[in-house]
Amino acid sequence: TVLHTRTTIRLREGAKELLQELNRLHIPLTIVSAGFSHIIEDILECEEVLFDNIRILSNELKFENGVVVGTHPNPPVHSYNKHLTYEMLQEWFDGESHHAITSAGHSQDTIHRRLLVVGDSIGDTKIAENIPNATQLKVGFFKENIWHKREEFEEVYDVILPIHESLHWLTNELRREKFTKRSSPPKEL
């Protein structure tokens, strides 16, 4: 990354611990953002949490001779096309990233995915819309304003939290479920 700025942009409280726990448990994480991937990657690198279990679907600026000539993907990721997440990352969802699921002897057609969708807009709930065989839990961080009314959030999110709530609760839930890292069988004495 070329940005490497120590910026005032910070991860939500508890996000660093959550990303570390997801990595420890080998749980794949997809970040979908209408922002710019180089900024997201830089923040994760600065926080030392840009792990191999993370894929980012976001916008990249394309330059020629120092001038912006386009974006990737085209069209760019925005609030109204997040329903294309599976189409844009199908290889990630169906491939090596989820090898732990597929290695259990299930065909791709019978895999059941459990998805946690976390967002702060109505459009964020569309992220997992077209992912096959998926059970979803949608958690929304809510702040009422002219674009978002609580009733609209209640219609699309399963859980609603205040906009500044931390992510410690999610890390604690992962730990409470007693997920454990796969380990080798004990050696015989």
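Residue numbers count from 1 along this sequence.
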(request) Supply the atom-to-atom distance Arg175 CZ to Leu170 CG, rounded to the nearest 0.5 angstrom. (result) 10.5 Å
(request) Could you grab the distance from atom CG of Asp120 to atom CD1 of Ile163, nearest 0.5 Å is fine? (result) 5.0 Å
(request) Check whether any side-chain heavy atom of Thr85 lies under 4.5 Å from a side-chain heavy atom of Phe93, and answer yes or no. (result) yes
(request) State which residues pass side chain to side chain donor-acceptor pair (under 3.5 Å) with Asp124; sequence neighbours excluded, sorted by chain then number. (result) Lys82, Ser121
(request) Applying side chain to side chain contact (heavy atoms under 4.5 Å, CB included), name anything that partners Val67, two or more places apart in sequence or on another chain. (result) none
(message) How about CG on Asp52, more than 12 heavy atoms from neighbouring residues, nucleotides or ligands closer than 6.0 Å, or not?
(response) no
(request) Salt-bridge test for Glu64 and Lys62: reply yes if a basic N is under 4.0 Å from a carboxylate O, no otherwise. (result) no
(request) List the atom of Val68, the atom of Phe63, and the distance in Å for their closest heavy-atom pair. (result) CG2-CE2, 3.3 Å
(request) May I ask you to decide if Glu47's main-chain N or O and Lys16's side chain share a donor-acceptor pair within less than 3.5 Å? (result) yes
(request) State the NE2-CD1 distance between His38 and Ile43, to the nearest 0.5 angstrom. (result) 10.0 Å
(request) Say whether Leu29 and Ile39 are linked into one hydrophobic cluster, either directly or through other cluster members, by side-chain heavy-atom distances under 4.5 angstrom. (result) yes
(message) Starting from Ile122, can I reach Val118 by hopping between I/L/V/M/F/W/Y residues whose side chains sit under 4.5 Å apart?
(response) no
(message) So, taking the atom named CD1 in Ile27 and the one named CG in Leu22, what distance separates them when rounded to the nearest 0.5 Å?
(response) 5.5 Å
(request) Start with the C-alpha gap between Leu161 and Trp169, add the side-chain angles, then the distance that decides, and say whether side-chain contact (heavy atoms from CB on, under 4.5 Å) holds. (result) CA-CA 11 Å; Leu161 299 169; Trp169 63 274; 3.6 Å; yes
(request) Considering non-hydrogen atoms only, spot the tightest contact between Leu115 and Ala128 and give its length. (result) CD1-CB, 3.5 Å
(message) Checking Asn59 now: which residues fulfil side chain to side chain contact (heavy atoms under 4.5 Å, CB included) with it, not counting sequence neighbours?
(response) Phe36, Pro73, Pro76, Val77
(message) Using the rule that Ile, Leu, Val, Met, Phe, Trp and Tyr join whenever any side-chain heavy atoms are under 4.5 Å apart, tell me whether Leu18 and Val159 fall into a single cluster.
(response) yes
(request) Kindly give the heavy-atom pair with the smallest separation between Ile56 and Leu44, and that separation in Å. (result) CD1-CD1, 4.1 Å
(message) Taking salt bridge (Lys or Arg N to Asp or Glu O under 4.0 Å) as the definition, give me every residue that meets it alongside Lys138, ordered by chain and number, with sequence neighbours left out.
(response) none
(message) More than 12 heavy atoms of other residues, nucleotides or ligands under 6.0 Å from OH of Tyr80: yes or no?
(response) no
(message) Using 0.5 Å steps for rounding, measure from the CG atom of Asn130 to the CD atom of Gln90.
(response) 10.5 Å
(message) Can you confirm whether Leu61 sits close enough to Thr71 that some side-chain heavy atom of one is under 4.5 Å from a side-chain heavy atom of the other?
(response) yes
(message) Suppose the criterion is ring-ring contact (aromatic ring centres under 6.0 Å, His included): which pairs have a residue in residues 124-143, not counting sequence neighbours?
(response) Phe142-Phe153
(request) First locate atom CG of Leu116, then atom OG1 of Thr30, and finally report the distance between them rounded to the nearest 0.5 Å. (result) 11.5 Å
(message) Could you work out, with salt bridge (Lys or Arg N to Asp or Glu O under 4.0 Å) as the rule, every residue matching Lys149, not counting sequence neighbours?
(response) none
(message) Using side-chain heavy atoms (C-beta onward) and a distance below 4.5 Å, is Ile127 in contact with Leu57?
(response) no
(request) For Ser166, check side chain to side chain contact (heavy atoms under 4.5 Å, CB included) against everything at least two apart and list the hits. (result) Glu13, His168
(message) Run the side chain to side chain donor-acceptor pair (under 3.5 Å) test against Ser58 and tell me which residues pass, sequence neighbours left out.
(response) none
(request) Determine, step by step, whether Arg113 and Asp94 satisfy the side-chain contact (heavy atoms from CB on, under 4.5 Å) criterion, reporting the C-alpha distance in whole Å, the side-chain angles of both residues, the deciding distance to 0.1 Å, and the verdict. (result) CA-CA 10 Å; Arg113 296 168 176 93; Asp94 294 345; 2.4 Å; yes
(request) Could you tell me which non-hydrogen atom of Ser37 sits nearest to which non-hydrogen atom of Glu60, and how far apart they are? (result) OG-CG, 2.9 Å
(message) Among residues at least two apart in sequence or on other chains, which ones pass side chain to side chain contact (heavy atoms under 4.5 Å, CB included) with Leu84?
(response) Asn81, Glu87, Met88
(message) Measuring only between side-chain heavy atoms, which start at C-beta, is Trp92 closer than 4.5 Å to Pro28?
(response) yes
(request) Could you name each residue pair satisfying salt bridge (charged side-chain N to carboxylate O under 4.0 Å, His left out) that touches residues 151-171, not counting sequence neighbours? (result) Arg150-Glu154
(message) Is there a continuous path of hydrophobic side-chain contacts, each under 4.5 Å between heavy atoms, that joins Leu11 to Leu167?
(response) yes
